Amino acid sequence: MTAAELLGLIVAALLLQLMVGIGVSVRRWRAAAAAAPSPSPAASSARADSAWAGWREFRVSQRGFEDTALSQCSFYLQPVDGQPLPAFKPGQFLTFSLDVAPQAAGEPAPPRAITRCYSLSDRPEPMHYRVTIKRVPAPAGHPEVPPGQSSSHFHDHVQAGDILRVKAPAGHFCIDPDPGVPVVLIGGGIGITPMMSMLRWCMAEQPQRVVHLYYGLRNSREHAFKQTLEAFAAAHPALRLNIAYSRPGEADLQGRDYQHAGHVDVELLRRTLPHGRHQFYVCGPPAMMEMLVPALAAWGVPLADIHYEAFGPASVKLPGAAPTLAPAATAAVEVRFQRSGRTLSWDGRDASLLDFAERHGIEVESGCRSGGCGSCETRLLEGAVQYEHAPDHDVAPGHCLLCVGRPASPLVLEA
Ligand code: FES
């Protein structure tokens with residue numbers, strides 16, 4: 001062997017050793033990567049611990065009906081930016097900005113932006129939110145955007161793949177995390193949605209905590225989440241399911257489809273709840289709220305243990321609740337809308353300054369219409385506004401909420 005051949009052999013051996021070394025390193029790196037734990041949902045969730053400001057874009061990843069009447073539809077929302085979502089408090093809601101075409105007869109009208117709020121209906125997940133929306137029939141002849149228009153928009157126009165503008169979860173109607181106190185969740189109709197969020201959170205985070213779920217509705221056709229709830233009750237001994245049908249269908253069977261005939265009222269609670277302290281969470285249509293919430297207080301439930309969220313203008317009156325912040329004006333008062341350049345006379349006919357503004361064609365933002373979301377917050381330039389009860393939303397200094405406010409004196413509003 002010549003010296004050149006010997007040198008070639010040595011170089012080839014060194015190259016082979018180098019390649020083997022690189023191969024082993026790559027395999028080790030791959031194995032280490034495969035073995036490394038991927039971020040858990042909890043960890044991802046923990047990273048996204050602060051809400052975003054303003055609007056954020058979400059893509060509808062899927063939609064599906066929750067009842068056989070096809071009137072309650074769930075929408076799953078994923079953030080377009082792909083970043084983990086902040087964990088919300090079970091019971092909170094999302095605020096949407098929608099471009100809705102008014103359902104006016106005759107010529108199609110251009111879309112207009114409206115703001116609406118819907119409760120989250122699932123427990124916190126790091127990469128998606130879920131809301132469940134009931135189609136509300138639009139009343140005929142409403143001069144402004146009727147209450148059912150945004151729900152019809154969701155049902156008729158929002159499909160998988162669509163992009164929606166959404167504000168961060170908000171609201172103070174949230175479950176108390178103290179696991180020592182049994183909870184009573186009472187949902188009427190679509191008021192079941194925040195209860196589903198609270199229930200799913202309890203089952204995941206506090207599986208030993210006793211939860212009594214009362215769900216009032218007419219019959220099995222509008223029984224949302226029926227199989228899901230039955231599966232939960234079968235799998236979780238701490239869940240006590242109480243379904244009440246007020247108008248059972250011919251095929252509906254007590255003991256199979258529902259437990260109680262009639263409405264969810266205090267009599268039913270008296271009969272079925274064990275003695276001891278409970279925390280009550282109530283959400284449902286106005287008639288149910290106006291009947292049930294004061295009845296709980298009259299039954300002796302401490303006000304601190306009664307939590308409720310009403311649809312639309314809050315009309316629940318609790319004995320001994322937070323006092324009125326300022327006396328309402330009894331005589332007619334002037335209300336000036338500065339930006340709109342209008343001065344109008346408030347005569348007490350409207351339930352709120354929001355209704356008053358809309359009746360006179362003054363453009364103001366609104367969402368929940370019950371003092372919870374802050375969409376109608378407006379700068380108060382002069383005067384004082386009266387609220388029947390302290391609003392849920394924290395009102396910024398120098399501002400007021402139109403949806404639950406009435407004038408306590410002549411007003412100048414920035415709108
Ligand atoms: S519309 Fe939500 S606070 Fe007024």
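In this text, all values refer to a predicted model and were calculated from it rather than measured experimentally. Order of listing sets the numbers, starting from 1, for every ligand and every atom in it.
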Contact summary for Cys403 and Gly371, nearest pair of heavy atoms: SG-N, 3.2 Å
Part of Arg369 with heavy atoms under 4.0 Å of ligand 1, whether side chain, backbone, both or neither: backbone
Atom indices of ligand 1, in the order listed, that fall short of 4.0 Å to a heavy atom of Gly371: 3 (S)
Short side-chain to backbone donor-acceptor contact, Gln259 and Ile243, under 3.5 Å: yes
Heavy atoms from other residues, nucleotides or ligands near CD of Glu363 exceed 12 (cutoff 6.0 Å): no
N/O/S from His393 sitting under 2.8 Å away from atom 2 (Fe) of ligand 1: no
Parallel, tilted or perpendicular, as decided by the 30° and 60° cut-offs, for the rings of Tyr129 and Phe58: parallel
Subset of ligand 1 atoms that lie under 4.0 Å from at least one heavy atom of Gly372: 3 (S)
Subset of ligand 1 atoms that lie under 4.0 Å from at least one heavy atom of Gly374: 2 (Fe), 3 (S)
Cys376 atom SG and Cys403 atom SG as seen from atom 4 (Fe) of ligand 1, angle to 10 degrees: 100°
Donor-acceptor side-chain pairing of Arg130 and Ser121 below 3.5 angstrom: yes
